[in-house]
Number of protein chains: 2
Amino acid sequence: MSSSEISAATVGRLPAYLRALIELAGDESATVSSDHLAELVGVNPATVRRDLASLRITGTRGVGYDVKYLVFEISVELGLNQEWPVAVIGAGNLGRALANYAGLTERGFPIRCLFDTDQAKIGTEVAGIPVRHLDDLAGTVAELGIAVGVIATPADGAQEVADALVSAGIGSILNFTAHPIIVPDRVVVRRVDIATELQILSFYQQRGVGTSTGTGVPLEVR
Amino acid sequence: MSSSEISAATVGRLPAYLRALIELAGDESATVSSDHLAELVGVNPATVRRDLASLRITGTRGVGYDVKYLVFEISVELGLNQEWPVAVIGAGNLGRALANYAGLTERGFPIRCLFDTDQAKIGTEVAGIPVRHLDDLAGTVAELGIAVGVIATPADGAQEVADALVSAGIGSILNFTAHPIIVPDRVVVRRVDIATELQILSFYQQRGVGTSTGTGVPLEVR
DNA sequence: TAGATTGTTAATCGATTAACAATC
DNA sequence: TAGATTGTTAATCGATTAACAATC
């Protein structure tokens with residue numbers, strides 16, 4: 001399908017475009033040029049035009065792109081016109097921090113359930129979110145329509161949890177542990193590894209410092 | 001200097017190489033071929049050889065690379081032969097989760113202090129780590145030799161905190177907020193943005209699913 | 001019409017990979 | 001010597017960017 005034209009690099013920039021556009025919309029800007037948007041996000045204007053063209057988003061020559069239309073279209077591309085209920089596996093410090101982070105619900109990723117294997121935690125609530133036993137994962141995924149699983153357990157449990165998520169029918173996994181996980185092709189995985197980020201920082205710090213980017217994408221304005 | 005030959009892509013793979021090598025060392029493997037290491041990390045063997053060559057790490061033709069030597073050299077490149085004391089700004093749920101994550105100290109990134117502006121928290125401890133007022137940042141950075149600052153505050157405080165870290169002389173910042181920060185060239189920033197990661201997941205989930213990689217690098221074995 | 005800005009082609013750049021001579 | 005594997009060249013691939021005709 002046409003979707004194959006959208007590169008991973010483009011997808012990685014979409015959240016940054018959206019964030020900049022939402023601020024522009026607040027400023028009541030009706031249109032935005034590729035030059036302006038590029039400057040806000042820290043990329044080349046031609047890259048912006050190419051990215052938008054790959055999404056079949058068109059602007060108006062001599063004028064620019066309609067901000068509201070851009071926000072709408074990019075949101076649709078990112079699936080933000082619907083909710084993606086999240087389950088967090090691991091009700092430790094990280095799991096509780098995620099549960100307490102209201103920003104996720106605001107952005108369409110409400111955490112609906114926490115899972116753990118510690119009997120003392122089962123049946124309690126964290127920030128109003130129930131904690132259930134990992135054995136109840138499959139049933140809960142079906143019951144609550146969970147779309148995304150977040151692995152927030154100790155590293156040595158990561159693969160086991162990933163397997164459980166996969167058998168429960170989950171198609172998207174965010175892995176916070178230091179260990180890579182192996183999943184079938186149909187499942188999409190991203191990893192957030194704090195220790196790796198720190199190691200990359202120390203590499204550049206130790207040398208004269210080049211500039212490093214976040215998340216593999218130039219998200220930081222220079 | 002010679003350092004300019006090392007690409008950001010190579011740097012991003014170093015932590016994954018190191019992780020695989022440490023497991024191999026545990027298996028008492030004395031040497032490893034580029035083929036084997038490539039398979040463990042999920043990259044092409046030629047990429048492994050090219051990456052190592054760019055670090056001036058040599059192997060032995062017909063034999064492979066010495067595992068202990070690789071571990072040592074890559075560790076040195078990543079600055080892991082020394083400690084990088086960390087300060088976490090924000091003693092909320094995320095800050096406390098980080099403080100309780102022993103993995104960071106084990107990997108050479110001990111959290112030495114938390115900072116907040118909530119008087120009720122100042123003077124308390126989290127997992128044995130003191131919480132001080134943000135006003136004391138510069139003094140504490142000097143006193144404890146802090147090398148890395150982690151921004152774990154609400155998003156709207158990110159730039160202000162970044163400015164404070166920069167004036168305190170910090171050269172490496174890990175930003176957990178949804179907002180990009182602007183810093184001088186000498187400062188290295190990486191960002192971990194959970195909402196962005198989830199948006200990228202939902203993009204792929206919504207479509208037939210391609211495969212996405214974590215951290216901008218193919219860290220997940222397929 | 002004159003100025004602005006898109007949409008897209010062609011050039012460039014950088015990273016990946018195949019292939020193979022060198023050599024252990 | 002025969003087999004294995006590196007180190008590196010050259011080819012390939014994909015992404016970025018300059019440039020500009022199209023057109024609002």
Side-chain angles (χ1 to χ4, degrees), chain A residues 2-14 16-17 21 24 29-67 69-70 73-74 210-213 215-219 222, chain B residues 2-14 16-17 21 24 29-67 69-70 73-74 210-213 215-219 222:
Chain A
S2 58
S3 63
S4 57
E5 298 159 20
I6 305 176
S7 75
T10 296
V11 175
R13 281 187 292 265
L14 295 184
Y17 291 148
L21 288 163
L24 278 177
S29 305
T31 62
V32 64
S33 67
S34 56
D35 261 56
H36 188 190
L37 184 52
E39 200 205 330
L40 291 174
V41 173
V43 300
N44 184 289
T47 298
V48 170
R49 296 198 292 278
R50 168 132 293 174
D51 283 343
L52 297 179
S54 79
L55 301 176
R56 300 177 195 288
I57 294 174
T58 58
T60 306
R61 288 168 205 242
V63 179
Y65 297 87
D66 184 89
V67 173
Y69 175 64
L70 274 188
E73 287 294 330
I74 295 176
T211 301
S212 168
T213 61
T215 323
V217 181
L219 294 167
R222 311 287 160 81
Chain B
S2 59
S3 63
S4 58
E5 298 159 20
I6 305 177
S7 74
T10 296
V11 176
R13 282 187 291 265
L14 295 183
Y17 290 148
L21 288 163
L24 279 177
S29 306
T31 63
V32 64
S33 67
S34 55
D35 261 57
H36 188 190
L37 183 53
E39 201 205 327
L40 292 174
V41 173
V43 300
N44 183 287
T47 298
V48 169
R49 296 198 293 275
R50 167 128 299 169
D51 283 343
L52 297 179
S54 79
L55 302 176
R56 301 179 195 287
I57 293 174
T58 57
T60 306
R61 290 169 203 238
V63 178
Y65 298 86
D66 184 89
V67 172
Y69 174 64
L70 275 187
E73 286 295 329
I74 295 176
T211 301
S212 168
T213 62
T215 322
V217 181
L219 293 168
R222 310 286 160 80

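Every chain is numbered from 1, with letters handed out A, B, ... down the list of sequences.
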Taking the side chain as C-beta and beyond, is there a heavy-atom pair between [X] and [Y] under 4.5 Å?
{"X": "A:L40", "Y": "A:L24", "answer": "yes"}
{"X": "B:L37", "Y": "B:Y65", "answer": "no"}
{"X": "B:P45", "Y": "B:R49", "answer": "yes"}

To the nearest Å, give me how far apart [atom1] ([X]) and [atom2] ([N]) are.
{"X": "A:I57", "N": "C:dT8", "atom1": "CD1", "atom2": "C1'", "answer": "17 Å"}
{"X": "B:R56", "N": "D:dT8", "atom1": "CZ", "atom2": "P", "answer": "11 Å"}
{"X": "B:D51", "N": "C:dT17", "atom1": "CG", "atom2": "P", "answer": "11 Å"}
{"X": "B:L70", "N": "D:dT6", "atom1": "CG", "atom2": "C1'", "answer": "13 Å"}
{"X": "B:R50", "N": "C:dG14", "atom1": "CZ", "atom2": "C1'", "answer": "11 Å"}
{"X": "A:D35", "N": "C:dA4", "atom1": "CG", "atom2": "P", "answer": "12 Å"}
{"X": "A:E5", "N": "D:dC13", "atom1": "CD", "atom2": "P", "answer": "19 Å"}
{"X": "A:L52", "N": "C:dT5", "atom1": "CG", "atom2": "P", "answer": "15 Å"}

Open item on the list: Go through it in stages, so that I can follow the logic: the residues are A:I74 and A:L21, the test is side-chain contact (heavy atoms from CB on, under 4.5 Å), and I'd like the CA-CA distance, side-chain angles, deciding distance and then a yes or no.
Closed with: CA-CA 10 Å; A:I74 295 176; A:L21 288 163; 3.7 Å; yes
Open item on the list: Reading DNA chain D from 5' onward, which residue's closest nucleotide shows up sooner: A:R61 or A:A46?
Closed with: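 This one resolves to A:A46.
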Open item on the list: Please compare A:T47 and B:R49 by the position of their nearest nucleotide in DNA chain D and report the one closer to 5'.
Closed with: B:R49
So, OP1 or OP2 of [N]: does either fall under 4.0 Å of a side-chain N or O from [X]?
{"X": "A:Y65", "N": "C:dA4", "result": "no"}
{"X": "A:S34", "N": "C:dT6", "result": "yes"}
{"X": "A:R13", "N": "D:dT16", "result": "yes"}

Open item on the list: Which residues pass the side-chain contact (heavy atoms from CB on, under 4.5 Å) test with B:T47, not counting sequence neighbours?
Closed with: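 In terms of side-chain contact (heavy atoms from CB on, under 4.5 Å), with neighbours along the sequence ignored, B:T47 is linked to B:R13, B:Y17, B:N44, B:D51.
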Task: Closest nucleotide among C:dT17, D:dG7, C:dA15 to the B:S7 side chain - done: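 Nearest to the side-chain atoms of B:S7, counting from C-beta on, is C:dA15.
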Open item on the list: Nearest to the A:N44 side chain among C:dT17, D:dA18, D:dT16, which nucleotide is it?
Closed with: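 Among C:dT17, D:dA18, D:dT16, the one nearest the side chain of A:N44 is D:dA18.
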Open item on the list: Using five pairs at each end of the helix from C:dG3-D:dC24 to C:dC24-D:dG3 to define an axis, what is the angle between those two axes, to 10°?
Closed with: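 It works out to 10° between the end axes.
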- [ ] Look at all strands and tell whether A:T10 reaches a base, only sugar-phosphate, or nothing, counting heavy atoms closer than 4.0 Å.
- [x] nothing
TODO: Decide side-chain contact (heavy atoms from CB on, under 4.5 Å) for B:T60 and B:T31; before the verdict, give the C-alpha distance in whole Å, the side-chain angles of both, and the deciding distance to 0.1 Å.
DONE: CA-CA 10 Å; B:T60 306; B:T31 63; over 6 Å; no
Task: Trace of the side-chain contact (heavy atoms from CB on, under 4.5 Å) decision for B:V32 with B:L70 - done: CA-CA 9 Å; B:V32 64; B:L70 275 187; 3.9 Å; yes
